[in-house]
Each structure stands twice: as C-alpha cells, then as structure tokens.
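Here the structure is a predicted model, which is why all the values come from computation and not from measurement. Index from 1, following the sequence.
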Amino acid sequence: MNAWRRGYPLEQVRSVTLLCEGGRLFLDVTAEIPVTVYPPGEGPHPGRVAGVDVGIIHPYAVAGPDTKALLVSGRAIRAEHRMHLADTKARRRAVARRAPKPGQRGSRRWRKYRARARQVQGRHQRRVRQAQHEAARTVVTWAVGQRVGVLHVGDPRGVLQVPAGRRHNLRLRQWQIGRLLQVLIDKATLAGITVHLVDERGTSSTCPACRRRVSKPRGRTLTCPHCRFSGHRDLVAAATIATRTPGGGPTTPTPVVLPGVVTHRRAGRHLPGAGRSRRDPRRPPPGGARIKMAGCGPPHHPVGSRSPRTVRIHNTTETR
C-alpha cells in the first residue's frame, strides 16, 4: 500500500514498517506533519493554562480557565476490558480438555482455535486504541475552543511501582497510562498546544479550600470534613494540577480556581453498546450479542492550515 494514500507525501514519510497483529498485516507509517496554525486572535494563547487529571473511570478530567471544565467518561473502555476478560476465560474453560500437553503438537482444531483467539485479541486492542484516540481528540478540541495554550498533565506513572494486589494490578495494566499520555501529547502538539508533565501526588486527596488532607471518598464527590467543601474529586485534582509547575514539588503556591461549568463527554459514546458500560460482565447483553465498538482508525487531528514547523507522529494502517 502506498504511503501517499494515507495523505502523507513521500517527502514527509520517514519509515514504513510491516507488522503482524492478530493474524492480520498492518503498515506502520512514521511521517512528519506540520503543526496547525490559526487566524490571528483565534489560536491557543500561551497565557491560558488548563490542568489534566488522568484516571481510569475518567481518562481525562480537564479544568480550564474561566471556571470551565471537561469530563471524559471511560466507562465504555472499562466495560470492554471486563467483557473481553470474561469472554477469554469462558473460551479457555471450554477448550481446556482438548488443549495439547507441553511438547505435544496441536491438532487442526486447536490451531484454528488459537488463530481465532489471536483475532479476537487484536480486535479488542483496536477497539480500546480507537476509544483512547477519541478521548484525546475530545480534550484537544475542547482546549482549542477555549484557546488553551498550555496543558499541565499530571503524571501518575509512579503508582505502577507500588504493588497493590492482583485485582488492582490488573486494573493498572489495563489503564495503559503511557499510551494515554502519548496520544494526548501527540494531538496537542499538532494543534499547537504545549504539554507539561507535572507531579500529581496528593491532588485528589487535598482540599483546595483549606489545603488539608482528605481521605479518599467512596464516590466521585470529595467532601472536606474540616471546611465542608464539596466538589468532583477529579476536577479538583485537575484544578490543582493546573497551578503546579513542571519539575516543582507537591506544594501549590497559587490559589486554586475551581471549575463552575462542566462539559461531559464519553469516549466511544456513539458506538453500539456504549450505553451498557455498567452491565455486569458475567451477564450477557440482551439478545446474546456482544458489545461492539468500531475498529481502530487513524488518529484524528484538528483541521486547519499548516505551518512549516513539523512534528513526527506514528500511524498504523491495515493492508490486504
């Protein structure tokens, strides 16, 4: 497949790699794409800063200037992980008796089962990857509309080094923190927005009004027992992250401006089955059909004119 069919001229293409995932061939294209420029007075302003809190239930919680905020729900992604895990366990239990012993060659039926398992795993990965791209695109589009020029993103990768038990370690592995951060950085850079990773420690457990530590709430609302402050804990963390500087300590030197107008979005909300994200994964959906999500497509970027300044991105496309 020619690289220019994906919209990349030959002079911008840096590498083309043939990959195999789930028994299907893909082309990984690395190209340099110019950064978007805007008409005077309409582009991102360097003085407008927003904070981004990365999480599991909400992949991105953004607190921007003018007391405006954005919440992106990732319940559909979490439901896809649960349904895929339950489906994988059921498949393994069904073929456990026919599985070949170590060192024994498998039958034709076993090879067909393994090929099908790889196909299902690849489809699951493409669904999650597409939903992550949609979530990041929602954040960047909202930031461009608010003329945000700088994003302070909390870096939670330190929790990966802390053992938290079998179940929570599985949640952290499915979280894919590095991919969420990299996708957001790539799309923000193409839109002309600067991204800084800051320390997010203590942002979800500190009251922004009295600066005292608050125990983790059972729900999504943080209530301070000292000053009776109440607010969404992810947006409180995002507002605190916005006041921190890259490379600085966990202290917050400037007052926190809490969001007042909150916009809600869902990653993959237009996909079939996204509304059933709270269903128990052990129970099949009505009609016996599995939750279906769209396959992985190329990353979406804001549309606009281009400047000579370029950045390098990766794009994976399928070939026949």
Which atom pair, heavy atoms only, marks the closest approach of Pro156 to Trp175?
CG-CH2, 3.8 Å
State which residue, out of Leu181, Ile185, Asp53, fulfils the side chain to side chain contact (heavy atoms under 4.5 Å, CB included) condition with Val153.
Leu181
Could I get the full list of side-chain hydrogen bond (donor to acceptor under 3.5 Å, both in side chains) partners for Arg98, not counting sequence neighbours?
none
Once rounded to the nearest 0.5 Å, what's the spacing between atom CG of Leu27 and atom CG of Leu18?
6.0 Å
The side chain to side chain contact (heavy atoms under 4.5 Å, CB included) partners of Ser107 (sequence neighbours excluded) come to Arg109, Trp110
So, do Ser205 and Val214 sit near enough that their side-chain heavy atoms are less than 4.5 Å apart?
no
Does Arg179 have any side chain to side chain contact (heavy atoms under 4.5 Å, CB included) partners at least two apart in sequence or in another chain, and if so, which?
Arg129, Gln132, Gln176, Val183
For residues 188-221, the ring-ring contact (aromatic ring centres under 6.0 Å, His included) pairs (sequence neighbours left out) are His152-His196
Any His124 side-chain heavy atom under 4.5 Å of His81 side chain:
yes
Sub-3.5 Å donor-acceptor pair from the side chain of Trp142 to the main-chain atoms of Leu70, do we have one?
no
Return the set of residues passing side-chain hydrogen bond (donor to acceptor under 3.5 Å, both in side chains) with Asn169 (not counting sequence neighbours), or none when no residue passes.
none
Show the nearest heavy-atom pair for residues Ala267 and Glu134, with the distance to one decimal.
C-OE1, 4.1 Å
Listed by chain and number, what are the salt bridge (Lys or Arg N to Asp or Glu O under 4.0 Å) partners of Arg111, not counting sequence neighbours?
none
Just one of Val139, Val72, Ile241 clears the side chain to side chain contact (heavy atoms under 4.5 Å, CB included) bar with Val62, so which one?
Val139
Side-chain touch Arg147/Pro44, heavy atoms, less than 4.5 angstrom
no
Which atom pair, heavy atoms only, marks the closest approach of Val144 to Ala191?
CG2-CB, 4.1 Å
Starting from Val262 and following side-chain heavy-atom contacts under 4.5 Å between hydrophobic residues (I, L, V, M, F, W, Y), which residues can be reached?
Leu71, Leu235
Working to the nearest 0.5 Å, report the span between CD of Gln130 and CD1 of Ile77.
10.5 Å
Return the minimal non-hydrogen interatomic distance between Ala239 and Ala63, and the atom names on each side.
N-CB, 3.5 Å
Hey, are the side chains of Arg126 and Phe26 touching, using non-hydrogen atoms and a 4.5 Å cut-off?
yes
Please identify each residue that fulfils salt bridge (Lys or Arg N to Asp or Glu O under 4.0 Å) with Arg157, with sequence neighbours left out.
Asp155
Looking at OG of Ser204 and CG of Leu222, how far apart are the two atoms once the value is rounded to the nearest 0.5 Å?
8.0 Å
Can you sort out the partners of Ala143 under side chain to side chain contact (heavy atoms under 4.5 Å, CB included), two or more places apart, ordered by chain and number?
Val148, Ile193
Got a sec, which hydrophobics cluster with Val150, joining ILVMFWY side chains under 4.5 Å apart, including via others?
Val49
Please identify each residue that fulfils side chain to side chain contact (heavy atoms under 4.5 Å, CB included) with Val120, with sequence neighbours left out.
His84, Asp87, Arg91, Arg116, Arg123
Show the nearest heavy-atom pair for residues Val140 and Leu184, with the distance to one decimal.
CG2-CD1, 4.1 Å
Taking distance alone, no hydrogens or angles, what donor-acceptor pairs closer than 3.5 Å link side-chain atoms of residues 224-234 to residues at least two apart or in another chain?
residue, atom, partner, partner atom, Å
His232, ND1, Asp234, N, 3.2
Asp234, OD1, Arg220, NH2, 3.2
Asp234, OD2, His58, ND1, 2.9
Asp234, OD2, Arg220, NH2, 2.6

Do Leu170 and Arg166 come within less than 4.5 Å of each other through their side chains, counting heavy atoms only?
no
Can you find a side-chain donor-acceptor pair between Thr30 and Ser15 that sits under 3.5 Å?
yes
Contact check, side chains of His133 and Lys187, non-hydrogen atoms, under 4.5 Å:
yes
